[in-house]
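Both backbone and side-chain heavy atoms feed into the values below; hydrogens, waters and symmetry mates do not. Numbering starts at 1 and runs along the sequence shown.
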Amino acid sequence: MKKLIALFTGSYRELKAVRTVTVLAMLAAIAIVLGFFSIEIGSVIRIGFSSIPNGLAAYLFGPVVGGIFAGTLDILKYLLKPTGAFFPPLTLVVILAGILYGCMYYKKNITLGRVLAAKFIVMLLCNVILNTLCLSMLYGQGFLVLLPARLVKNLVMWPVDSVIFFSVARVLEGAGVFKLLRCAGPLRRK
């Protein structure tokens with residue numbers, strides 16, 4: 001329990017640094033641009049890669065910042081490119097995903113196994129169960145009617161998203177980007 005509290009308090013401290021806000025602004029810009037290239041399949045299935053910056057924010061700054069960043073970005077992306085109705089419970093699910101990524105990635109080494117596990121947990125809990133429940137309430141369709149297509153889409157995208165995120169994180173690590181961000185202030189790793 002102490003480790004979990006330390007994880008959240010450390011992440012909260014990250015939020016106070018100007019460097020954090022600057023990096024989050026750059027990641028938000030990247031996520032917005034990636035959001036414009038998502039593929040819509042009907043009203044309940046969307047394939048996109050704007051989750052990469054969310055994962056990077058959670059990795060760099062933890063669950064508190066990851067959740068706030070994901071929720072804020074969800075609202076901002078909706079304002080810039082509205083698709084469907086705005087439904088606050090969907091934003092809460094996105095915040096939960098940011099928190100989960102932060103708990104899995106923050107102050108830990110990025111390994112393919114860790115990324116696969118984190119993506120699986122988020123895809124199963126947030127994307128398949130909670131998002132499908134929200135979409136069922138929003139569009140008045142049965143949960144079990146929406147579930148199969150969403151389950152198949154997420155199972156197909158799980159390894160694809162995982163490998164893409166892992167590859168991007170490894171390239172950024174190899175290029176020294178994360179080291180540069182960690183060299184001052186609260187970003188310093190033990």
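No chain of hydrophobic side-chain contacts below 4.5 Å, direct or via other Ile, Leu, Val, Met, Phe, Trp or Tyr residues, connects Phe166 to Val156. Linking ILVMFWY residues whenever their side-chain heavy atoms come closer than 4.5 Å, directly or via other members, places Leu92 and Leu76 in the same cluster. Two different hydrophobic clusters hold Val152 and Met157 under the rule that ILVMFWY side chains link at heavy-atom gaps under 4.5 Å. Hydrophobic clustering, with ILVMFWY side chains joined whenever heavy atoms are under 4.5 angstrom apart, keeps Val177 apart from Leu34. Linking ILVMFWY residues whenever their side-chain heavy atoms come closer than 4.5 Å, directly or via other members, places Ile68 and Val93 in the same cluster.
With respect to Leu24, the side-chain contact (heavy atoms from CB on, under 4.5 Å) criterion is satisfied by exactly one of Leu60, Thr72, Val65: Val65.
Among all heavy-atom pairs drawn from Asn127 and Asn131, the shortest one is O-CB, 3.2 Å. Contact detail for Ala58 and Gly102: the closest heavy-atom pair is CB-N, 3.4 Å. Taking both residues in full, the closest heavy atoms of Ser136 and Gly142 are given as OG-C, 3.7 Å, listed atom of the first, atom of the second, then distance. When every heavy atom of Pro63 is checked against every heavy atom of Tyr106, the shortest pair comes out as CD-CD2, 4.1 Å. Residues Ile110 and Ala169 come closest through the heavy atom pair CG2-CB, 4.2 Å. Summarising the geometry of Ile95 relative to Gly71, their closest heavy-atom pair is CG1-CA, 3.5 Å, with the distance given to 0.1 Å.
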Q. Under the side chain to side chain contact (heavy atoms under 4.5 Å, CB included) criterion, do Ile99 and Val64 qualify, and how do the steps go?
A. CA-CA 6 Å; Ile99 292 169; Val64 172; over 6 Å; no

**Q.** Tyr105/Phe165 under ring-ring contact (aromatic ring centres under 6.0 Å, His included): CA gap, chis, key distance, verdict
**A.** CA-CA 12 Å; Tyr105 295 154; Phe165 178 78; 5.2 Å; yes

**Q.** side chain to side chain contact (heavy atoms under 4.5 Å, CB included) between Phe87 and Met137, intermediate numbers included
**A.** CA-CA 10 Å; Phe87 193 55; Met137 291 187 298; 4.2 Å; yes

Q: Evaluate the side chain to side chain contact (heavy atoms under 4.5 Å, CB included) criterion for residues Val21 and Leu15: first the C-alpha distance (whole Å), next the side-chain angles of each, then the deciding distance (0.1 Å), finally the verdict.
A: CA-CA 7 Å; Val21 176; Leu15 192 57; 5.5 Å; no

Q: Apply side chain to side chain contact (heavy atoms under 4.5 Å, CB included) to Val128 and Arg150, showing your working.
A: CA-CA 6 Å; Val128 173; Arg150 293 188 52 77; 5.6 Å; no

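Trp158 places no side-chain N or O within 3.5 Å of a backbone atom of Met123 that could act as its donor or acceptor partner. Side chain of Ser11 to main chain of Phe61: a donor-acceptor pair is present (N/O by atom type, distance under 3.5 Å, no hydrogens or angles). The main-chain N or O of Cys103 is found under 3.5 Å from a side-chain atom of Lys108 such that the two form a donor-acceptor pair.
No side-chain heavy atom of Val115 sits less than 4.5 Å from a side-chain heavy atom of Thr111. Counting only heavy atoms from C-beta outward, the side chains of Leu96 and Leu125 approach each other to under 4.5 Å. Using a 4.5 Å cut-off on side-chain heavy atoms (C-beta onward), Leu135 and Gln141 make no contact. Looking at Tyr59 and Met104, their side chains never come closer than 4.5 Å, going by heavy atoms from C-beta outward.
Here CG of Asn109 is found 7.5 Å from CZ of Arg114. Values are rounded to the nearest 0.5 Å. The structure places CZ of Phe69 at 11.5 Å from CG of Asp74, a figure rounded to the nearest 0.5 Å. How far CG of Leu116 is from CG of Asp161: 10.5 Å, rounded to the nearest 0.5 Å. Taken to the nearest 0.5 Å, the NZ atom of Lys119 stands 14.5 Å off from the CG atom of Leu124. Once rounded to the nearest 0.5 Å, the distance linking OG1 of Thr132 with CG of Leu151 reads 8.5 Å. In this structure, Thr91 OG1 and Lys77 NZ are separated by 10.5 Å, a value rounded to the nearest 0.5 Å.
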Side-chain donor/acceptor pairs under 3.5 Å, residues 2-9, sequence neighbours excluded:
| unit_1 | atom_1 | unit_2 | atom_2 | d |
| --- | --- | --- | --- | --- |
| Thr9 | OG1 | Ile5 | O | 3.0 |
| Thr9 | OG1 | Ala6 | O | 3.1 |

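Cluster partners of Phe86, by chain and number: Ile75, Tyr78, Leu79. The rule joins Ile, Leu, Val, Met, Phe, Trp and Tyr whenever side-chain heavy atoms lie under 4.5 Å apart.
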